[in-house]
Asker: 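Got a structure here, written out as structure tokens. Questions coming.
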Amino acid sequence: MLAVMEKELRMFFRYPLRVVSSIIVGIVFLVQFIFFGQAVLGGRYSSMLAASTGMGDYPTYALIGYVLWWLFTSPIEAYIFGIRRELQRGTLEINMLAPLRTIKFLIGLSLGWILIDNVLMGVVFLFGVCLFKIPLSWGIILKAVPIFMLAFVAFLGFGMIFAGLVMLFKNIGALGQIFEFLVMFLSGVFFPLNVMPYWVRAVGNAIPLTHAINIVRGVFVGKSYAEMASSLQALLLLSTAYWLISYGIFRWAEKITRVVGYGGY
Amino acid sequence: MNAIEVRELKKSYPKKIPLPLRRVEWIEAVKGISFEVKKGELFGLLGPNGAGKTTTIKMLTTLLEPTGGEAKILGYDIKRDAREIRKRINLVAEGERTLYWRLSAYENLKYFSRIYYVPKNKEKGRIEELLKLVGLWERRNDLVMGFSRGMKQRLAIAKALINDPEVLFLDEPTLGLDVQSALFVREFIKKLVEEHKKTVLLTTHYMAEAEELCDRIAIIDHGKIIALDTPEGLKRMITDEDAVEIKVKDFAPSKLERSPFRMAVVKEDASTNMLLLRGQVVEEELPKLVEWLVRRGAKILSVEQKEPTLEDVFIKLTGRAIRD
Ligand SMILES: Nc1ncnc2c1ncn2[C@@H]1O[C@H](COP(=O)(O)OP(=O)(O)OP(=O)(O)O)[C@@H](O)[C@H]1O
Ligand SMILES: [Mg+2]
């Protein structure tokens, strides 16, 4: 599994320009949204936001949402583009031929990209912290890290649904991206969910990102884990559920792929 | 014990992804084939494009689920024991996209030795040995991207030996190679069987290659084995007659379908409107054949007698020639 990841990283760093462009796109996107949000709210602090979510500082609110959204989307992208690259290179089949288990191959394939992607995320986060003077303390960081890790495990399972889908339908990159942006609204990344109709909130609650964002925002305003127990429970539950669901989908996709042929482009 | 046992193996491809509740049509690619390959044997699957050679190899290497029938590799069932089989076999797949072009030769082999769980203490030695064996040791740190087609194929063969497989599958190993590289690959395959005692199953549509390399050959056409024997045995099917090659001009090959003679087009030159026909004709029949052709507007340019080859076996069995 580590070998698969190492090979991906090696090939990635033969094109270093991509790193720079990803960071710039990430920063531009974030800054744009925060300034837009502030313009709408008429300032950095919003009592409306504070009343509905418990966090009134919009840049902090948005930055947390954005960073977690990034963490959420990176496994999805990693699976989709990892497998697509293998299909385009025509090398998927020779990997399937080896005794290495397919699931390990896939996780190895995506971990390399996720690692790079999250380092980029870290850079954008720090940039955001400096630019908007986000109040950050070691206590908050230490308390947020376990949540990030828990969330990441959930996201990794969720993303694997897409691994199965790419194996079957090959070219679903666009679908993946539409989904990612949809989630931005469903999970309350830049806007509070309360302003959304009931059914949007219902769908949002089925996405692990929604709960992860809630918990981390809670950590930033000083809530204890116990106060957020229901969100934590939901995150754990969804994590388990999505691992099971996506593994099922993946096994099913693998079975059908072996009937159709791994093929390529 | 047999290294490979195949019984009534069948494969149909769906025309669309077979989702639940979706009606799909199926194309029969392999229609029930049976054969055995003994340990240490070099066995060939010979057939024209689309005969089902690659499909057969993919089923035997556990990459494709068969539609019917069964097969055993080294006693393991291809459906149930895929992982056991994968540890003990390897494949040189068709085409040149079977390696990572953005990695060096060395990095490629290192990667594959990891996913084949080659013991760490053997890894370095094995990679070095293999790179030297295929003559790429000096180029080990160059990216595969810059390699010639022949070098890529040699590296693909080295990769296929990384787990020291007992059974090696080669799909059209010399397709698209220059003469010199093809020669190297053929000699190398012979060496694998003779010196390293490997069992090899290869596919090809080159008659001469099959004849030169294989202990036994199965001729496969439209998903069926139509003959299976040693090269000598196959040629014995036709020694009572001679092979004739006739060069003609201005003749529509479709007319051959209703001819009483088993002749096939082996070469076609559209720009000069010339055809090279080949088939078996006993000497007394030859004038009749020429007359038959002339009456259908053909201009005869030359008539030559030839030593029978495997090509003639195929023509005799199918009325067609194997062509690129
Ligand atoms: N993935 C696939 N989906 C649908 N049909 C396929 C697929 N792969 C092969 N076929 C069809 O199955 C038949 C057998 O193909 P196969 O590739 O096994 O032939 P082959 O003997 O290897 O030919 P070639 O000399 O061209 O490599 C062909 O008619 C082909 O069109
Ligand atoms: Mg083929």
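The analysis underlying the following values was restricted to heavy atoms, covering all of them including side chains, and did not include hydrogens, waters or symmetry mates.
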Asker: Between A:Lys104 and chain B, with a heavy-atom cut-off of 4.5 Å, which part of the residue counts as in contact: side chain, backbone, both or neither?
Answerer: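 Contact with chain B is through the side chain of A:Lys104 alone.
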Asker: Is it the backbone or the side chain of B:Pro18 that comes under 4.5 Å from a heavy atom of chain A, or both, or neither?
Answerer: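 Both the backbone and the side chain of B:Pro18 come within 4.5 Å of chain A.
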Asker: With a 4.5 Å limit on heavy-atom distance, are the side chains of A:Phe105 and B:Ile115 in contact?
Answerer: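 They are not in contact (no side-chain heavy atoms under 4.5 Å apart), so the answer is no.
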Asker: Given A:Tyr262 and B:Leu64, is the side chain to side chain contact (heavy atoms under 4.5 Å, CB included) satisfied, shown in steps?
Answerer: CA-CA 8 Å; A:Tyr262 286 98; B:Leu64 265 183; over 6 Å; no
Asker: Crowded around B:Lys31 NZ? As in, over 12 foreign heavy atoms under 6.0 Å?
Answerer: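 Atom NZ in B:Lys31 is packed in, count exceeds 12.
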Asker: Look at the side chain of A:Arg258 and the backbone N and O of B:Glu65, then say whether any donor-acceptor pair between them is shorter than 3.5 Å.
Answerer: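 Checked: no pair found.
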Asker: Measuring only between side-chain heavy atoms, which start at C-beta, is B:Asn108 closer than 4.5 Å to A:Lys7?
Answerer: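 Result no, sub-4.5 Å side-chain heavy-atom pair not found.
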Asker: Assess whether atom NZ of B:Lys15 is packed by more than 12 heavy atoms of other residues, nucleotides or ligands within 6.0 Å.
Answerer: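 Not buried by this count: 12 neighbours or fewer within 6.0 Å.
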Asker: So do the side chains of A:Thr91 and B:Trp101 get within less than 4.5 Å of each other, counting heavy atoms only?
Answerer: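 A:Thr91 vs B:Trp101: side chains apart.
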Asker: More than 12 foreign heavy atoms under 6.0 Å from NZ of B:Lys72: is that the case here?
Answerer: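 Atom NZ in B:Lys72 is not crowded, with 12 or fewer foreign heavy atoms closer than 6.0 Å.
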Asker: Below 4.5 Å, heavy atoms only, C-beta onward: do A:Leu100 and B:Phe112 meet side chain to side chain?
Answerer: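 No - every pair of side-chain heavy atoms lies 4.5 Å or more apart.
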Asker: Is B:Lys87 close to chain A through its backbone or its side chain, or both, or neither, when contacts mean heavy atoms under 4.5 Å?
Answerer: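 Answer is both: backbone and side chain atoms of B:Lys87 are under 4.5 Å from chain A.
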Asker: If you take all heavy atoms of B:Tyr100 and A:Asn95, which pair is closest and at what distance?
Answerer: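 Result for this residue pair: OH-ND2, 2.7 Å.
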Asker: State, with a plain yes or no, whether a side-chain heavy atom of A:Glu6 is found less than 4.5 Å away from one of B:Arg114.
Answerer: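 They are in side-chain contact.
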Asker: Could you tell me whether a side-chain N or O of B:Arg83 sits under 3.5 Å from a main-chain N or O of A:Ala98, the two making a donor and an acceptor?
Answerer: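 Not a single qualifying donor-acceptor pair exists.
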Asker: A side-chain contact here means heavy atoms from C-beta on lying under 4.5 Å apart; do B:Phe169 and A:Leu97 qualify?
Answerer: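 No. Closest side-chain heavy atoms not under 4.5 Å.
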Asker: Would you say CZ of A:Arg101 has more than 12 non-hydrogen atoms from neighbouring residues, nucleotides or ligands within 6.0 angstrom?
Answerer: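 No.
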Asker: Looking at CZ of B:Arg97 and CD of A:Gln88, how far apart are the two atoms once the value is rounded to the nearest 0.5 Å?
Answerer: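 If I round to the nearest 0.5 Å, the distance is 9.5 Å.
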Asker: Heavy-atom cut-off 4.5 Å, strictly under: side chain, backbone, both or neither for A:Leu168 against chain B?
Answerer: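 Interface part for A:Leu168: both.
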Asker: Does any backbone or side-chain atom of B:Lys11 lie under 4.5 Å from a heavy atom of chain A? Answer side chain, backbone, both or neither.
Answerer: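 Interface part for B:Lys11: side chain.
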Asker: Is B:Leu143 in contact with chain A via its backbone, its side chain, both, or neither, using a 4.5 Å heavy-atom distance?
Answerer: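 Side chain of B:Leu143 only, per the 4.5 Å heavy-atom cut-off to chain A.
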Asker: Taking the side chain as everything from C-beta on, heavy atoms only, tell me whether A:Val260 gets closer than 4.5 Å to B:Tyr13.
Answerer: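 No. Closest side-chain heavy atoms not under 4.5 Å.
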Asker: Which region of B:Tyr117, side chain (C-beta onward) or backbone (N, CA, C, O), has a non-hydrogen atom less than 4.5 Å from a non-hydrogen atom of chain A, or is it both or neither?
Answerer: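 Side chain only.
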Asker: How long is the straight-line distance from NZ of A:Lys170 back to CD1 of B:Ile17, given to the nearest 0.5 Å?
Answerer: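 Answer for the CD1-NZ pair, B:Ile17 versus A:Lys170, is 7.0 Å.
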Asker: Hey, what do you get for CG (B:Leu19) to CZ (A:Phe169), rounding to the nearest 0.5 Å?
Answerer: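 Result: 5.0 Å between the selected atoms.
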Asker: A quick test of your reading: do over 12 heavy atoms of other residues, nucleotides or ligands sit less than 6.0 Å from NZ of B:Lys79?
Answerer: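 Check passes, neighbour count above 12.
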Asker: If you draw a 6.0 Å radius around CZ in B:Arg22, do more than 12 non-hydrogen atoms from other residues or ligands fall strictly inside?
Answerer: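 Enclosed: over 12 neighbouring heavy atoms sit under 6.0 Å from CZ of B:Arg22.
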